[in-house]
Every structure is written in structure tokens, then in C-alpha cells.
Protein chains: 2
Amino acid sequence: MAKYSKIPEATVRRLSNYLKCLDELESKNEKVVSSATLAAMCNVNPAQVRKDFAYFGEFGVRGMGYRIKDLKNHIKDILGINREWRIAVVGIGNLGSAILVYKDFLKQNYKIVAAFDIDPVGVTGRISERLGKPVEILHVDSLKEVVKQRNIEIGIITVPPQEAQKVADLLVEAEVKGILNLSPVPVRAPEHVKIRNLFFTSALDSLVYYLSK
Amino acid sequence: MAKYSKIPEATVRRLSNYLKCLDELESKNEKVVSSATLAAMCNVNPAQVRKDFAYFGEFGVRGMGYRIKDLKNHIKDILGINREWRIAVVGIGNLGSAILVYKDFLKQNYKIVAAFDIDPVGVTGRISERLGKPVEILHVDSLKEVVKQRNIEIGIITVPPQEAQKVADLLVEAEVKGILNLSPVPVRAPEHVKIRNLFFTSALDSLVYYLSK
DNA sequence: TATTGTGAAGCCTTTCACAGCA
DNA sequence: TGCTGTGAAAGGCTTCACAATA
């Protein structure tokens with residue numbers, strides 16, 4: 001099987017999920033896992049798991065399963081998260097400051113290296129106090145400059161909806177490669193900048209659809 | 001076309017997205033939208049849009065498009081969000097308190113009617129101050145009782161990862177129908193309780209995969 | 001005329017079933 | 001023996017292309 005060839009979008013989503021389950025197994029000191037076990041943990045079919053892994057070569061051990069440590073590394077290689085990714089958060093309100101200190105980012109190679117707000121002075125004190133340490137919040141006006149200085153490749157948008165598209169435009173201008181939008185309106189960008197809109201209400205909507213039956 | 005028959009999962013996801021775009025159009029005073037326009041906004045194929053809407057009958061107007069107001073109502077009916085859904089948030093840290101005041105929930109029929117923490121006394125003052133109004137935070141020990149008293153059907157988990165599964169178990173015991181898990185480890189529940197795990201890092205992972213090419 | 005609604009084709013994804021191998 | 005890797009079958013979803021019609 002060709003290594004690192006085109007991988008279906010659905011597989012990409014699952015790979016990220018497998019990682020979370022592998023972390024869980026690792027924390028229980030498991031060294032090896034079978035496709036059946038992992039499949040049960042992730043609610044997918046065992047053959048699906050094997051097919052997903054087959055996209056990056058043969059390295060399971062027949063009769064035994066997959067070595068968790070190796071598997072994690074392979075998946076991270078595929079996803080491109082074996083290196084550090086430098087991130088800016090724009091909009092340091094309640095959600096933004098939660099993201100700023102979100103522990104799971106630190107465990108991954110996701111580094112938040114800049115935080116922007118339209119009112120950095122007003123926000124700085126409040127946030128520093130909440131976090132119990134001084135935090136540097138910069139004015140949005142300096143975004144373009146700072147993004148370039150600090151080699152930031154990804155922007156996370158946590159501003160109010162009416163500002164979201166403006167901030168997206170700013171980030172595009174600053175030449176980030178990708179945007180994760182957590183504000184509740186879709187934002188758009190030119191082809192060369194990848195966008196992920198993540199709506200909390202959409203997660204609830206699809207949950208509710210299945211509850212309603 | 002049979003009304004409200006089985007709808008593909010992918011369609012359900014898109015319906016929720018169309019809603020967000022329809023809100024946007026409505027805020028610009030548009031009354032009617034064509035499948036082509038909506039498709040462009042949502043990055044899908046126009047035929048896809050029409051097929052998605054065809055699941056709940058024929059009600060577009062040929063030569064003209066879909067009436068936005070009607071369309072929104074139809075979609076909400078399908079998803080089951082035309083009625084109020086009562087929600088509890090468990091874990092009032094940074095993320096939990098951001099969710100507590102997340103404005104987009106208020107605009108939908110999602111009502112957060114209880115907030116729980118393991119340290120309600122410590123948290124209450126801090127949060128009330130941040131929100132500028134008194135907020136009632138309850139001890140997790142009272143969860144089961146309060147969930148029943150207040151007819152809560154959905155729980156949102158925003159506790160640290162090591163507590164997430166315990167809280168999920170509590171919610172199941174309290175007989176919620178669905179759980180939205182925002183903590184960074186997958187949680188599990190019996191078949192009859194629907195789970196949505198929403199990981200911020202997974203959104204970044206899939207973004208990064210496409211950035212890495 | 002413009003745009004919907006939809007059968008049919010095409011494509012992609014999942015699952016099955018079993019050969020292959022440690 | 002137990003579990004992976006995978007061709008083939010089945011299933012599901014998306015897109016095309018055009019008839020239908022306001």
C-alpha cells in the first residue's frame with residue numbers, strides 16, 4: 001500500500017480519535033492493542049481500523065496486534081502533528097481565555113504563542129488574575145506583525161460573531177495557513193487558507209436529532 | 001418522498017450548518033435563497049442541498065428558490081430543536097464558565113438550567129464576579145436529584161479529563177438522554193444514552209493534516 | 001426563464017470473509 | 001492459534017443531467 005497517499009477525510013477524523021484512545025490505553029500501561037479492542041473503544045468496525053492503518057503500511061503484528069507507542073507515532077506522522085504548531089488566539093473573552101489555558105493543547109504540540117484582543121489593557125489584568133500569572137495580551141492592530149514575527153501558522157477565532165469575519169480576514173492577511181473558528185457564525189477565506197468552523201450548537205443539534213427519535 | 005424517514009448522518013450535520021448560513025442571510029434581510037447560493041456559502045454541491053431538503057418534502061419554489069423563514073422552521077423541526085432543551089453543565093472551570101454564558105445557546109432553544117462543580121463555594125464567587133451577576137453553582141453530589149427536578153435531558157461535561165468518565169456515569173444514572181463531552185478524553189455510556197465527544201485538538205488535527213500537504 | 005426535484009450513474013466508504021503470517 | 005492485511009461485495013452518499021413547473 002502506497003505510503004502517505006491520499007487518505008479519505010473520514011479516516012483522518014478517525015485517526016485523531018484513535019490517538020485519544022491510545023493515550024487512554026497507554027495511561028493504563030498497555031503496550032499492545034488489537035484492532036478489535038481499539039474498534040470497540042472507538043465504536044467502529046475492526047476491519048475499518050485495520051484498513052485505516054493500512055494506509056500507512058503494514059506494521060501490525062499478526063496474532064498479536066499493534067504496538068501502541070509505534071502506532072501513536074505513525075498516526076502523528078500522518079497527521080503532521082509530530083512537530084510543533086504555533087497558534088494565535090484572537091478574542092480573549094470567556095471562551096478565549098479558556099482556550100488560552102486549555103491543558104490538552106500543551107500536551108500536544110500545539111503552542112499558543114500569542115493572544116490578541118481589541119481591549120488588551122482591560123483584559124490583561126482580569127485574565128492574569130484568573131490564571132494566577134501574568135499574561136501578555138496584544139492589541140489586534142499588531143496581529144499581522146506579531147503573527148509574522150512569531151512564525152504563527154494557525155489562528156483560533158474566539159471573538160463575538162459580528163467580528164468573526166473581520167478577524168478571519170486579518171488572519172488571512174497575516175498569512176496564517178489555517179483557521180479554527182469557534183465563533184458561532186461561519187467564516188470564509190481564500191482557497192489557500194484552510195478553515196474549520198466548530199460550532200457548539202451544531203454538536204448539540206446532531207445530538208438532539210438522535211434524541212428526538 | 002417520505003417525510004422524516006431515515007436521514008443520513010452527513011445530512012444531519014449539513015442541516016445544522018445550513019441553519020447557520022440561513023441566519024446570516026436573514027440578518028441581511030434576504031427572504032429567499034436558491035440551492036446554488038446556499039451551496040456556495042456552505043461549500044457543498046447545489047444538488048446536494050436540494051437532496052438534503054428533499055428528505056422532508058417538496059417545498060422549494062421552482063424558478064425562485066426556498067423561503068428562508070419556512071426553510072429554517074422545517075430544518076428545526078427535522079432536527080428536533082423547535083422546542084426547548086434543558087441542559088446541565090458539569091465542571092465550572094474556565095471552559096465550563098465560558099459555556100455557561102455562551103450567547104449562542106440563548107439564541108437557540110438550548111437552556112442551561114443547572115451548573116455543577118465539586119467546589120461550588122469556591123467557584124460561585126469567582127464566576128458571579130466574572131459574569132457580573134449571581135450564579136448558582138451546585139455541588140455534584142446533588143446532580144442526580146436536581147437533574148430530575150429540573151427535567152434536564154442533556155449534560156455537558158467540562159471537567160478535567162480524569163473526572164470525565166465519572167461525571168458521565170453520574171449523568172447516566174441521573175437519566176439524561178444525551179451527553180456532550182468537551183473534556184479531552186472519550187467517555188462512554190450505555191446504548192440508550194447518546195454521546196458526542198467534541199475534542200478541540202481533533203479539530204486542529206484534521207486542520208493540520210490538510211496544512212501539511 | 002430560472003430553479004427545483006429526482007432517477008440513474010459514479011464514486012467513495014464500509015464491511016465481509018478469508019488468505020497469510022508471527 | 002489469533003490476529004493482521006486485503007480483494008471483493010455491499011452499501012451509502014454525492015453528483016450529474018434533465019424533466020417538471022412556478
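The figures here come from the full heavy-atom set of this structure, side chains too, leaving out hydrogens, waters and symmetry mates. So you know, we letter chains A, B, ... as the sequences are listed, proteins then strands, and number each from 1.
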Rounded distance in Å - CD (B:E58) to C1' (D:dT21):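 Value for this atom pair: 10 Å.
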
Spacing of A:L71 atom CG relative to D:dT4 atom P, expressed in whole Å: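 Checked: the CG to P distance equals 11 Å.
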
N or O in side chain of B:S35 less than 4.0 angstrom from C:dT4 OP1/OP2: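 For C:dT4, OP1 or OP2 has a side-chain N or O of B:S35 closer than 4.0 Å.
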
Under 3.5 Å, side-chain donor or acceptor atoms of residues 33-41 of chain B against the rest of the protein: list the pairs with distances, not counting sequence neighbours.
unit_1 : atom_1 : unit_2 : atom_2 : d
B:S34  : OG     : B:A36  : N      : 3.4
B:S34  : OG     : B:T37  : N      : 3.2
B:S34  : OG     : B:T37  : OG1    : 3.0
B:S35  : OG     : B:R50  : NH1    : 3.0

With sequence neighbours excluded, residues passing ring-ring contact (aromatic ring centres under 6.0 Å, His included) with A:F116: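 Not a single residue meets the ring-ring contact (aromatic ring centres under 6.0 Å, His included) criterion with A:F116.
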
Touch class at under 4.0 angstrom, heavy-atom based, for A:F53 against every strand present: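 No contact.
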
Can you check nucleotides 10-14 of chain D for protein contacts, nitrogen or oxygen pairs under 3.5 Å, and list what you find?
unit_1 : atom_1 : unit_2 : atom_2 : d
D:dT14 : OP1    : B:R14  : NH1    : 2.9
D:dT14 : OP2    : B:R14  : NH1    : 3.4
D:dT14 : OP2    : B:R14  : NH2    : 2.9
D:dT14 : OP2    : B:Q48  : OE1    : 3.4
D:dT14 : OP2    : B:Q48  : NE2    : 3.3
D:dT14 : O5'    : B:Q48  : OE1    : 3.1

Flag side-chain contact, heavy atom, 4.5 Å: A:K194 against A:K177: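 A:K194 does not reach A:K177 side chain to side chain.
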
Within 6.0 Å of CG in A:L138, more than 12 heavy atoms from elsewhere: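 Above 12, so yes.
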
Pairs satisfying ring-ring contact (aromatic ring centres under 6.0 Å, His included), at least one member in residues 81-105 of chain A, at least two apart: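 Pairs touching residues 81-105 of chain A that pass the test: A:Y102-A:F105, A:Y102-B:F200.
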
Do any N or O atoms of the protein come closer than 3.5 Å to N or O atoms of nucleotides 17-19 of chain C, and which pairs are they?
unit_1 : atom_1 : unit_2 : atom_2 : d
C:dA17 : N6     : A:R50  : NH2    : 3.3

Short side-chain donor-acceptor distance under 3.5 Å, B:R13 and A:S202: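 The criterion, which ignores hydrogens and geometry beyond distance, is not satisfied for B:R13 and A:S202.
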
Donor-acceptor side-chain pairing of B:D205 and A:Y110 below 3.5 angstrom: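 Distance-only check passes for B:D205 and A:Y110.
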
Atom pairs and distances, donor-acceptor, side-chain atoms in residues 166-173 of chain B, under 3.5 Å, two or more places apart:
unit_1 : atom_1 : unit_2 : atom_2 : d
B:K166 : NZ     : B:E163 : OE1    : 3.2
B:D169 : OD1    : B:Q165 : NE2    : 2.9
B:E173 : OE2    : B:K144 : NZ     : 3.3

